[in-house]
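Scroll down for the structure; my scribbles are underneath it.
Remember, predicted model here, so these are calculated numbers, not experimental data. In what follows, every heavy atom counts, from backbone to side chain, and hydrogens, waters and symmetry copies are set aside.
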Amino acid sequence: MLTLSDLKPIAEGNGIIDGTPGGLILGNSHSDGGIKVIRQYQKEELYEVIAEFEGWEYILNPLATTKEIDYLTKLNSEFAGKKDEFIEYDIPNGINIINTKPLFENIKETNKLILLDQWSQFIINKHSTKKYLIELDELNKKYSVI
């Protein structure tokens with residue numbers, strides 16, 4: 001558990017990003033420490049690490065997750081368990097991006113945290129994201145409430 005005191009210096013250094021709107025995540029791979037995801041714990045002033053994402057995955061906003069859960073599950077399962085090498089690619093213009101890259105380039109432990117609220121959000125593995133990026137982004141924007 002993390003307290004508000006624990007998070008204050010991280011937040012003041014722009015080390016926490018709101019992941020609720022969704023988007024393409026840029027940052028560490030799992031093998032480089034991943035990207036920690038936090039959520040407020042039971043409406044208290046405590047936060048817990050609930051997941052570890054990795055760069056090049058795509059997170060959908062809560063409404064897109066609710067409305068398209070079956071379709072998203074289908075897309076995500078296409079490459080389930082794939083362990084092939086992943087090759088980074090050029091990101092098309094206009095894609096929502098959640099940049100969690102480290103605050104200090106050579107210190108991977110300084111990568112930013114993603115903050116989510118209480119609603120469920122679907123995460124798409126990086127291989128399916130690469131194949132369906134534009135479609136995922138359009139779907140996410142379709143259900144955006146911001």
Side-chain angles (χ1 to χ4, degrees), residues 1-2 4 6-41 46-146:
M1 292 290 180
L2 302 167
L4 287 175
D6 296 330
L7 294 176
K8 185 177 180 183
I10 299 169
E12 288 174 349
N14 294 319
I16 300 175
I17 298 175
D18 181 8
T20 308
L24 176 65
I25 301 169
L26 299 180
N28 291 342
S29 65
H30 286 305
S31 62
D32 281 332
I35 302 153
K36 303 300 182 253
V37 180
I38 60 173
R39 179 178 287 157
Q40 189 171 7
Y41 181 75
L46 293 173
Y47 291 77
E48 61 183 332
V49 176
I50 59 165
E52 179 186 288
F53 296 161
E54 73 174 326
W56 300 98
E57 292 181 325
Y58 196 99
I59 186 168
L60 282 293
N61 67 54
L63 187 55
T65 297
T66 300
K67 297 284 189 178
E68 302 289 344
I69 189 75
D70 292 336
Y71 183 64
L72 296 171
T73 301
K74 178 183 172 191
L75 292 184
N76 199 48
S77 65
E78 184 174 336
F79 293 96
K82 184 174 174 104
K83 300 292 184 202
D84 293 350
E85 180 183 350
F86 180 80
I87 299 171
E88 295 182 2
Y89 53 92
D90 291 331
I91 302 167
N93 291 333
I95 299 294
N96 281 351
I97 293 177
I98 300 172
N99 187 350
T100 68
K101 290 183 178 179
L103 297 170
F104 302 101
E105 191 174 323
N106 296 325
I107 307 174
K108 66 184 176 187
E109 292 80 11
T110 64
N111 61 303
K112 299 171 188 171
L113 303 172
I114 295 176
L115 174 66
L116 298 181
D117 65 15
Q118 75 272 18
W119 307 107
S120 294
Q121 291 183 249
F122 203 100
I123 186 82
I124 302 289
N125 70 67
K126 62 187 176 184
H127 297 287
S128 292
T129 294
K130 184 174 184 176
K131 181 173 180 180
Y132 296 106
L133 177 59
I134 292 173
E135 185 175 345
L136 289 168
D137 200 64
E138 288 173 354
L139 191 65
N140 193 58
K141 287 174 181 170
K142 174 181 174 181
Y143 293 106
S144 178
V145 292
I146 295 175

Flag, side chain of [X] to backbone of [Y], donor-acceptor distance under 3.5 Å:
X: T100; Y: L26; value: yes
X: Q121; Y: T65; value: no
X: N61; Y: N140; value: yes

(message) Let's go through L72 and L139 carefully: what are the C-alpha distance in whole Å and the side-chain angles of both, what is the deciding distance for side-chain contact (heavy atoms from CB on, under 4.5 Å) to 0.1 Å, and is it a yes or a no?
(response) CA-CA 10 Å; L72 296 171; L139 191 65; 3.8 Å; yes
Could you state the interatomic distance from [atom1] ([X]) to [atom2] ([Y]), rounded to the nearest 0.5 Å?
X: E138; Y: L133; atom1: CD; atom2: CG; value: 9.5 Å
X: H127; Y: T129; atom1: NE2; atom2: OG1; value: 10.0 Å
X: N76; Y: L60; atom1: CG; atom2: CG; value: 9.5 Å
X: E135; Y: I124; atom1: CD; atom2: CD1; value: 10.0 Å
X: I17; Y: I25; atom1: CD1; atom2: CD1; value: 9.5 Å
X: T20; Y: R39; atom1: OG1; atom2: CZ; value: 8.5 Å

Are any non-hydrogen side-chain atoms of [X] and [Y] less than 4.5 angstrom apart?
X: D137; Y: Y58; result: yes
X: K130; Y: F79; result: no
X: N96; Y: P21; result: no
X: L75; Y: L136; result: yes
X: T66; Y: W119; result: no
X: L7; Y: L113; result: yes

(request) List in chain and number order the residues that pass side chain to side chain contact (heavy atoms under 4.5 Å, CB included) with L46, two or more places apart in sequence or in another chain; answer none if no residue qualifies. (result)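 If we apply the side chain to side chain contact (heavy atoms under 4.5 Å, CB included) test to L46, skipping adjacent residues, the hits are M1, T3, Y41, E44.
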(request) Go through the structure and list residues passing side chain to side chain contact (heavy atoms under 4.5 Å, CB included) with K126, not counting sequence neighbours. (result)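 K126: side chain to side chain contact (heavy atoms under 4.5 Å, CB included) contacts with E54, W56, E57, F86.
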(request) Would you please test I123 and F53 for side-chain contact (heavy atoms from CB on, under 4.5 Å) and show each step? (result) CA-CA 8 Å; I123 186 82; F53 296 161; 3.9 Å; yes
(message) Applying side-chain contact (heavy atoms from CB on, under 4.5 Å) to Y47 and L115, what does each step give before you reach the verdict?
(response) CA-CA 9 Å; Y47 291 77; L115 174 66; 4.0 Å; yes
(message) Can you confirm whether K67 is buried at NZ, in the sense that more than 12 heavy atoms of other residues, nucleotides or ligands lie under 6.0 Å from that atom?
(response) no
(request) Assess whether atom CD1 of I91 is packed by more than 12 heavy atoms of other residues, nucleotides or ligands within 6.0 Å. (result)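 Count over threshold, so yes.
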(message) Could you walk me through whether I59 and I114 satisfy the side-chain contact (heavy atoms from CB on, under 4.5 Å) test, starting with their C-alpha distance in whole Å, then the side-chain angles of each, then the deciding distance to 0.1 Å, before giving a yes or no?
(response) CA-CA 11 Å; I59 186 168; I114 295 176; 5.5 Å; no
(message) If the condition is salt bridge (Lys or Arg N to Asp or Glu O under 4.0 Å), which residues does E68 pass it with, not counting sequence neighbours?
(response)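 So E68 forms no salt bridge (Lys or Arg N to Asp or Glu O under 4.0 Å) with any residue.
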(request) Kindly give the heavy-atom pair with the smallest separation between S128 and N125, and that separation in Å. (result)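 Closest approach of S128 to N125, heavy atoms only: N-OD1, 2.8 Å.
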(request) Search all heavy atoms of I35 against all heavy atoms of N111 and return the closest pair with its distance. (result)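 Where I35 meets N111 most closely, the heavy atoms are CA-ND2, 3.6 Å.
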